[in-house]
Amino acid sequence: MAEEVLVFGAWGSPFSRRVEMALKLKGIEYKYIEEDITNKSPSLLKYNPVHKKIPVLVHNGKPVAESLVILEYIDETWKDSPILSKDPSERANARFWAKFIDEKCLPAIFKACWGEEKEHEKALEEATELLQFLENELKEKRYFGGETVGLLDIAANIIGYWLGVFEEASGTELLTREKFPKLCNWANEFVSVSAIKENLPPREKLIAYLRNRFGVGTASKYTRHL
Amino acid sequence: MAKHDVKVLGTWYSPPGMRPRIALNIKSVKYEFLEETMAPKSELLLQSNPVHKKIPVLIHGDKPICESMIIVEYIDEVWTSGPSILPSDPYDRAIQRFWAAYVDEKWLAAMIGLRSAQGEERKAFLDQVTEGLALLEEAFGKCSKGKAFFGGDRIGLLDIAFGSLLGWLKLTEKVNGVKLLDEAKTPGLVKWAERFCADAAVKSVMPETEKLLEFSKVVAAKMKGAPPPKN
């Protein structure tokens, strides 16, 4: 039976790019559908009625939503080039830090880049503290996943690429080589992997989009998906 | 496994704190329950969960595992001889994880909002909570496929995620004078809730509503409506 894999995403979203990165790493063919998040398609609303958000993976007609849930589904369905270890404590560790990135890091980064002026110092401090945890977690590994890119590396795509873009778009400095030598090295390694490189939105286009949407250094609403 | 090899650091009242204990009970794994003092937080908690400083923490040998649903998946993966907590099919697993994430991220936020909101805000949160329950009723129909639990014949991941919140749900019903689980609107969930709370793996760890009520008054007096410890 021919396999049909669809990915509903948005070009600038690190969340939908995660899904594409995982599929590319495993050599899975898929059809990509670009969603205009200001004008969501009937298909998207049908496949993700609960959240009405991208990304959604549709595998032979069956939809899966939420990027981290999708990553696990991909790993369990296509077993070549695994992105999670077989060891339960390593798996728990990767899941812990992926959740940490989404629930703690990203909001803090956004606040540091586009939060209230008067809270800027505090927001920078908080984001720095959180990134320090990831710096420590990396230790001497090439990737968070060890010798190869794993689920946590993919989840950390926000740190590996989008963070640098956020910094430039907002004029904020967070991921400096002085404070985060390991994370900086990792980011370079990460974006050099072909399955990752192919899936990075164009930098200038993303900067323009972010400045247009969130302004430069002014307070604005943070939404989870771009 | 010797009893002292598996420890759960938690509290009697915390819903996420129940989750690892239910999972260990399902697997018939003996563990030591360490009641966390919370104020101040114990050295053990600060050491074993330096990032979030929250319960529950599972301490397996000398390894701490944090985040309640991550702990549940870990338990399922380590103790493979017991009944499975997650289904074997990847799609069914994704559906369980999707709804567990929904419960923790969306529905729980609405419940927490409802507890401390006043006036108009209260109505808005109440609407969110009941809308969420309608979605979960539908999910129950699809996941259970006519069986007793979201996980089928036995308690599974989503049962643990959502069921652990039933104590607080009943408390909210009492305190707010509302019916959240309703025979007319959510008949499937009403029966499921009874079965869940009566299950051998759950009974011994589910707090009594009266005890929660007393406790919540104490907490409210001290902290003026701050949300319960969550992770």
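To find a chain, count down the sequence lines: A is the first, B the second, and so on, and within it residues start at 1. In what follows, every heavy atom counts, from backbone to side chain, and hydrogens, waters and symmetry copies are set aside.
- Other residues, nucleotides and ligands place more than 12 heavy atoms under 6.0 Å from the NZ atom of A:Lys141.
- The contact between A:Pro63 and chain B is made by backbone and side chain atoms together, counting heavy-atom distances below 4.5 Å.
- No more than 12 heavy atoms of other residues, nucleotides or ligands shown are found within 6.0 angstrom of NZ on B:Lys142.
- Proximity to chain B is absent for every atom of A:Trp78, based on heavy atoms less than 4.5 angstrom apart.
- In this structure, B:Pro90 and A:Thr77 approach most closely via the heavy-atom pair CB-OG1, 3.6 Å.
- Counting heavy-atom neighbours within 6.0 Å of B:Asp62 CG, excluding the residue itself, gives a total of 12 or less.
- Considering all non-hydrogen atoms of both residues, A:Val69 and B:Ala94 come closest at CG1-O, 3.4 Å.
- In this structure the side chain of B:His52 reaches within 4.5 angstrom of the side chain of A:Phe100, judged on heavy atoms.
- Looking at A:Arg91, the atoms closer than 4.5 Å to chain B (heavy atoms on both sides) all sit in the side chain, from C-beta outward.
- The contact between A:Lys104 and chain B is made entirely by side chain atoms (from C-beta outward), counting heavy-atom distances below 4.5 Å.
- Atom NZ of B:Lys185 has 12 or fewer heavy atoms from other residues, nucleotides or ligands within 6.0 Å.
- Residues B:Phe98 and A:Val64 fail the side-chain proximity criterion, which asks for heavy atoms closer than 4.5 Å.
- The most heavy-atom pairs under 4.5 Å with chain A, out of B:Leu135, B:Val78, B:Val51, B:Ile65, come from B:Val51.
- A salt bridge links B:Glu73 and A:Arg95; the closest N-O separation between the charged side-chain nitrogens and carboxylate oxygens is under 4.0 Å.
- Considering only heavy atoms from C-beta on, B:Arg93 comes within 4.5 Å of A:Glu76 through its side chain.
- Residue contact with chain B, scored on non-hydrogen atoms closer than 4.5 Å, involves the backbone and the side chain of A:Phe96 alike.
- Heavy atoms from other residues, nucleotides or ligands lying under 6.0 Å from CD of B:Glu35 number more than 12.
- Rounded to the nearest 0.5 angstrom, A:Leu84 CG and B:Glu77 CD are separated by 8.5 Å.
- B:Gln118 CD: 12 or fewer foreign heavy atoms inside a 6.0 Å radius.
- Contact detail for B:Ile70 and A:Ala92: the closest heavy-atom pair is CG2-O, 3.6 Å.
- Summarising the local packing, CD of A:Gln132 is surrounded by more than 12 heavy atoms from other residues, nucleotides or ligands at distances under 6.0 Å.
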